[in-house]
Visitor: 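Below you'll find the structure I mean.
We're numbering straight along the sequence, starting at 1. If you're wondering where the values come from, they're calculated on a predicted model, not measured in any experiment.
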Amino acid sequence: MKKLLILAAAASLAATMANAQSTVTTTTGSAGTTVQIEPESRTRIHSYVTEHKLRPIASQEKIVVGGRVPADVELAAVPPDWGPSLTRYRYVYSGDRIMLVDPGTRTVVQEVE
C-alpha cells in the first residue's frame, strides 16, 4: 500500500513538473506590474532585435528592472507582432538586454530573457 502511495505521489509530481515547463512565464517587476510573455513571444522579440540589427543604446546609468530609464534615453514603440498585451509598453535595448518599460513612469517592468 505504501509503495502505491509513493508511486502515485511521484507520478503526480512528474506531471506537475512537465506541465510547469509549458506554461506562460509571468514576472512581477518591482514596480508592481505583472507582465506575461509566452515563450513564442520571447523568441519573436529576440528575432526582431536580430533581424533589425538594433544597436544597444548607451547610457551612463545601468538600466535594471524596477529602475527608471533616464529622460535622455529614447523609448521605442513595441511592434504589434510582439503581442497585444505588450503594445502598451515601450522598450529599450541596452547592453544586449531588451527591457520593457512603462512609458508613463519610465519604469522598467521586465527584462525579456
Visitor: With salt bridge (Lys or Arg N to Asp or Glu O under 4.0 Å) as the rule and sequence neighbours excluded, what pairs involving residues 89-101 come up?
Guide: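 Sorted result for residues 89-101: R97-E111.
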Visitor: How far does OH of Y93 sit from CD1 of I98, to the nearest 0.5 angstrom?
Guide: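 Between Y93 OH and I98 CD1, I get 6.5 Å after rounding to 0.5 Å.
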Visitor: What donor-acceptor contacts under 3.5 angstrom involve side-chain atoms of residues 73-82, with partners at least two apart or in another chain?
Guide:
none

Visitor: Between OG1 of T107 and CE of M99, what distance do you get to the nearest 0.5 Å?
Guide: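 Atom-to-atom, T107:OG1 and M99:CE are 11.5 Å apart.
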Visitor: Please report the shortest heavy-atom distance between R68 and T105, naming the atom on each side.
Guide: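 Smallest interatomic distance, heavy atoms only, reads NH1-O, 3.7 Å.
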Visitor: Go through I63 and V101 one step at a time and tell me if the side-chain contact (heavy atoms from CB on, under 4.5 Å) criterion holds.
Guide: CA-CA 10 Å; I63 299 174; V101 180; 6.0 Å; no
Visitor: Say you draw a straight line from CD of E40 to CD1 of I45; how long is it, rounded to the nearest 0.5 Å?
Guide: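 E40 CD to I45 CD1: 11.5 Å, rounded to 0.5 Å.
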Visitor: Run the side-chain donor-acceptor check on residues 46-59: report pairs under 3.5 Å with partners two or more places apart or on a different chain.
Guide:
residue : atom : partner : partner atom : Å
H46     : NE2  : E113    : O            : 3.1
S47     : OG   : T43     : O            : 3.0
T50     : OG1  : H46     : O            : 3.0
H52     : ND1  : Y48     : O            : 3.0
S59     : OG   : E61     : N            : 3.3
S59     : OG   : E61     : O            : 3.0

Visitor: Run V108 and V69 through side-chain contact (heavy atoms from CB on, under 4.5 Å) and show every step you take.
Guide: CA-CA 7 Å; V108 178; V69 177; 3.7 Å; yes
Visitor: Can you name the side chain to side chain donor-acceptor pair (under 3.5 Å) partners of S94, sequence neighbours left out?
Guide: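 Counting only residues at least two positions away or on another chain, S94 forms no side chain to side chain donor-acceptor pair (under 3.5 Å).
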